[in-house]
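Owing to the predicted nature of the structure, the values given are computational and were not obtained by experimental measurement. Just so we're on the same page: letters track the sequence lines, and every chain starts at 1.
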Amino acid sequence: SQQGEEDPQALSIQEGENATMNCSYKTSINNLQWYRQNSGRGLVHLILIRSNEREKHSGRLRVTLDTSKKSSSLLITASRAADTASYFCATDGGGGFKTIFGAGTRLFVKA
Amino acid sequence: NAGVTQTPKFQVLKTGQSMTLQCAQDMNHNSMYWYRQDPGMGLRLIYYSASEGTTDKGEVPNGYNVSRLNKREFSLRLESAAPSQTSVYFCASSYKSSGANVLTFGAGSRLTVL
């Protein structure tokens with residue numbers, strides 16, 4: 001079974017708008033990561049947040065983590081057409097090498 | 001700087017045939033992984049190798065075998081392919097960052113089993 005569940009499954013916005021994607025997970029974690037996948041490509045790591053952090057920024061990306069609610073959100077500000085991709089959260093399930101991915105959010109940014 | 005290289009990119013098999021997916025990384029990472037991705041689903045871990053000489057089962061190991069040939073190479077073998085194994089397969093390697101395994105993925109291998 002999958003650890004992370006993204007919401008919404010799909011999101012369509014205009015260029016320049018902000019995009020917010022949410023991830024919920026089931027078990028305790030040490031860290032949570034977000035990855036991007038362009039169509040027909042492999043996943044690319046975007047950002048990592050540890051369980052003792054509440055918010056992290058990287059360029060136009062902002063990630064929040066609420067361990068009490070077992071949830072995280074990814075905000076992409078001022079979206080561009082090039083941001084069109086699927087976005088996945090991934091958790092470590094409390095440790096080890098079994099990085100578990102959610103089903104992903106498909107983001108479409110209209111130019 | 002190639003990163004993670006997978007071959008082949010595409011393959012069509014008949015039920016019962018066998019094949020091996022090859023994966024190599026040039027980043028000197030200790031750990032390597034095989035995932036499969038099916039439509040509407042995230043990636044599911046098939047097998048992983050924490051370090052050279054070790055392999056362990058992931059979420060969906062049935063029907064697959066792996067070999068960690070050396071630090072660079074990690075292959076995935078389907079001994080008797082089934083239509084349920086039609087999928088896109090991704091190899092990855094990882095490095096440690098703040099205690100987390102950060103994965104670098106290959107471009108994927110699309111497998112169709114008829």
Could you walk me through whether B/Tyr35 and A/Thr99 pass side chain to side chain contact (heavy atoms under 4.5 Å, CB included), step by step?
CA-CA 10 Å; B/Tyr35 285 87; A/Thr99 301; 3.5 Å; yes
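Looking at A/Leu48, only its side chain comes within 4.5 Å of chain B, counting heavy atoms on both sides. Contacts of A/Arg50 with chain B are made by side-chain atoms alone, with heavy-atom separations under 4.5 Å and no backbone atom involved. With a threshold of 4.5 angstrom between heavy atoms, A/Gln37 approaches chain B through side-chain atoms but not through N, CA, C or O.
In A/Gln9, the CD atom is not crowded: 12 or fewer heavy atoms of neighbouring residues, nucleotides or ligands sit closer than 6.0 Å. Counting non-hydrogen atoms of neighbouring residues, nucleotides and ligands closer than 6.0 angstrom, the CZ atom of A/Arg60 exceeds 12 such neighbours. Around atom CZ of A/Arg106, no more than 12 heavy atoms belonging to other residues, nucleotides or ligands sit under 6.0 Å away. Heavy atoms from other residues, nucleotides or ligands lying under 6.0 Å from CZ of B/Arg72 number more than 12.
Within the model, atoms CZ of B/Arg44 and CZ of A/Phe101 stand 14.0 Å from one another, a figure rounded to the nearest 0.5 Å. Taken to the nearest 0.5 Å, the CZ atom of A/Phe97 stands 13.5 Å off from the CE atom of B/Met32. Rounding to the nearest 0.5 Å places CD1 of A/Ile100 at 4.0 Å from CD of B/Glu59.
Proximity to chain A among residues 88-114 of chain B is limited to B/Phe90, B/Ser97, B/Ser98, B/Gly99, B/Ala100, B/Asn101, B/Val102, B/Leu103, B/Phe105, B/Gly106, B/Ala107, judged by heavy-atom separations below 4.5 angstrom. For residues 6-16 of chain B, an interface with chain A (any heavy-atom pair closer than 4.5 Å) does not exist.
Residues B/Lys57 and A/Lys98 come closest through the heavy atom pair O-CE, 3.4 Å.
A continuous path of hydrophobic side-chain contacts links A/Met21 to A/Val109 [ILVMFWY only; heavy atoms under 4.5 Å]. Both B/Leu43 and A/Tyr35 are assigned to one and the same hydrophobic cluster, defined by single-linkage of ILVMFWY side chains at heavy-atom distances under 4.5 Å.
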